[in-house]
Every structure is written in C-alpha cells, then in structure tokens.
Amino acid sequence: NFTLNGEVTSGTTANTTASGTGTITDNDGDAPTLSISDVTVVEGVDAVFVVSLDKPSFESITVSLATAEGTALDPEDYTGYSGGAITFAPGETTKNITIATIDDAIYEVTENFTLNGEVTSGTTANTTASGTGTITDNDGDAPTLSISDVTVVEGVDAVFAVSLDKPSFESITVSLA
C-alpha cells in the first residue's frame, strides 16, 4: 500500500488536506514452484541435477539438499551430496548440483538414487521436490559362466574349474550335476 497526500496551496476549499491510499495487487499468480531434474549417466560420469524455480522470487529461497540411496549405494556407486543447503537470490531460478558416480569393473544392472530438496526459508508453492539419478553400467554384458574340460586317468579325481569371466554385483549360484 502507499498513500498520496494533497494540500491546498491556493484557492478556497472546505478542507485544506486530503489523502488517498493506493493498493497494488500481485498479478504474477502463485509463488514459484521448486523442482529437481532427473538425470541419467554412465557410471564414472558426474550426475548434474538442475534445481530450479519455475519463476523468479522477490525474496531469497533456501533449499536443504540430501541424497538418498535407491538401488545405487553410497559410496559404492556414487558420492552422496554433502553440500547442505543452497540459496536462490531474488530473481535467480537455476542451480546445478553435481554428484560424482563411481566407475568400477563390476557388471551391474542399471541403478538409481535420489536427490531430495526441502525449502527451509522463503515462499514457494511446494515445500519439497526430488530428482532421480540413474546410473547405467559401462562394463559390458553380464558375466559368462564357464566350466573347463578335463581329461584324467582312470581312478584319479577329475577337477573342473568353474569360473565367471568378470565380477558381478550379485552372488551367482551354480548347480552342478
């Protein structure tokens, strides 16, 4: 609100002063909405999440961030976020958050983790948001099972080598008959 004051400086009126109040209504709609993008990377490549507001705010907005394990584990598959909170200055709408993923030599299925955000100060249309980080494997196909051939003299134990050509993220059970 604001006030406009007037004072008669010449001429005759019943009153010598008057005032009026002006009111400005906001026509920009709702408060900004917080979002966190999903991201997919190959293991060993940084996952860059975009934390954003869909429109600028007139005030600072602080968002507390933390990662949460899904099928991807911290620190085996990614390095958890330890940066704490981020603050959007008035008018700012985008921040990038980088999470390192770990390159290993183990065959794995596609894994995921989450970056969660919670507004701790400022006004937004929502108070929480999250984005999913998906890590795809770069170690090729699943391990291949092999059993060696063996030739022995009658009466001597036959010893077969049972092996995988590469490590796996899971236990492999082989039934022998």
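Sequence positions, counted from 1, serve as the residue numbers for this chain.
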Grouping ILVMFWY residues whenever side-chain heavy atoms fall under 4.5 Å, the cluster of Ile102 otherwise contains none
Phe169: hydrophobic cluster co-members (side-chain, 4.5 Å): Ile106, Tyr107, Val109
Should we say atom CG of Asp149 is surrounded by more than 12 heavy atoms from elsewhere, each under 6.0 Å from it? no
Of all residues at least two apart in sequence or in a different chain, which pass the ring pair (Phe, Tyr, Trp, His ring centres under 6.0 Å) check with Phe88? none
Show me the pairs that pass salt bridge (Lys or Arg N to Asp or Glu O under 4.0 Å) and involve residues 78-96, at least two apart or across chains. Glu92-Lys95
Would you mind listing every salt bridge (Lys or Arg N to Asp or Glu O under 4.0 Å) that reaches into residues 113-138, with sequence neighbours excluded?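 Passing the test, one end in residues 113-138: no pairs.
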[X]: what forms a side chain to side chain contact (heavy atoms under 4.5 Å, CB included) with it, not counting sequence neighbours?
| X | result |
| --- | --- |
| Val41 | Val39, Val45, Ala47, Thr101 |
| Ser146 | Ser163 |
| Ser148 | Phe160, Ala161 |

Please walk me through it: do Ser52 and Thr93 pass side-chain hydrogen bond (donor to acceptor under 3.5 Å, both in side chains)? CA-CA 5 Å; Ser52 61; Thr93 58; over 6 Å; no
For Thr136 and Thr110, does a side-chain donor sit closer than 3.5 Å to a side-chain acceptor?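 Thr136 vs Thr110: no donor-acceptor pair found between side chains.
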Which pairs with one or both residues in residues 122-151 pass ring pair (Phe, Tyr, Trp, His ring centres under 6.0 Å), sequence neighbours excluded?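 Non-adjacent pairs meeting ring pair (Phe, Tyr, Trp, His ring centres under 6.0 Å): zero.
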Contacts table for residues 63-78: side-chain donor-acceptor under 3.5 angstrom, sequence neighbours left out:
{"unit_1": "Thr67", "atom_1": "OG1", "unit_2": "Tyr81", "atom_2": "N", "d": "3.1"}
{"unit_1": "Glu69", "atom_1": "OE2", "unit_2": "Asp74", "atom_2": "N", "d": "3.0"}
{"unit_1": "Thr71", "atom_1": "OG1", "unit_2": "Asn112", "atom_2": "N", "d": "2.9"}
{"unit_1": "Asp74", "atom_1": "OD1", "unit_2": "Gly80", "atom_2": "N", "d": "3.3"}
{"unit_1": "Asp74", "atom_1": "OD2", "unit_2": "Gly80", "atom_2": "N", "d": "3.4"}
{"unit_1": "Asp77", "atom_1": "OD2", "unit_2": "Leu73", "atom_2": "N", "d": "2.8"}
{"unit_1": "Tyr78", "atom_1": "OH", "unit_2": "Glu69", "atom_2": "N", "d": "3.4"}

Decide yes or no for Pro90 and Ser57: does some side-chain heavy atom of the first lie under 4.5 Å from some side-chain heavy atom of the second?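 SC-SC contact between Pro90 and Ser57 ruled out.
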What closest approach, in Å, do Ile36 and Leu115 show between heavy atoms, and which atom pair accounts for it?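 Between these two residues, the closest heavy atoms are CD1-O, 3.7 Å.
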Could you list the residues that satisfy side-chain hydrogen bond (donor to acceptor under 3.5 Å, both in side chains) with Asn138, not counting sequence neighbours? Asp103
Taking only distance into account, with no hydrogens and no angle test, what donor-acceptor pairs under 3.5 Å do side-chain atoms of residues 125-134 form with protein atoms, sequence neighbours excluded?
{"unit_1": "Asn126", "atom_1": "OD1", "unit_2": "Leu34", "atom_2": "N", "d": "2.8"}
{"unit_1": "Asn126", "atom_1": "ND2", "unit_2": "Leu34", "atom_2": "O", "d": "2.9"}
{"unit_1": "Asn126", "atom_1": "ND2", "unit_2": "Thr128", "atom_2": "O", "d": "3.1"}

Gly140 backbone acceptor or donor facing Lys166 side chain under 3.5 Å: no
Heavy-atom donor-acceptor pair, Asp46 side chain to Thr98 backbone, under 3.5 Å: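 Between the backbone of Thr98 and the side chain of Asp46 there is no qualifying donor-acceptor contact (under 3.5 Å).
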Assigning hydrophobic clusters by single linkage (Ile, Leu, Val, Met, Phe, Trp, Tyr; side-chain heavy-atom cutoff under 4.5 Å), is Ile172 placed with Leu176? yes
Per the side chain to side chain contact (heavy atoms under 4.5 Å, CB included) rule, which among Ile99, Asn96, Ile97 passes with Val48? Asn96
Distance from Leu53 atom CG to Thr94 atom OG1, nearest 0.5 Å?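 Going from CG on Leu53 over to OG1 on Thr94, the span is 8.0 Å.
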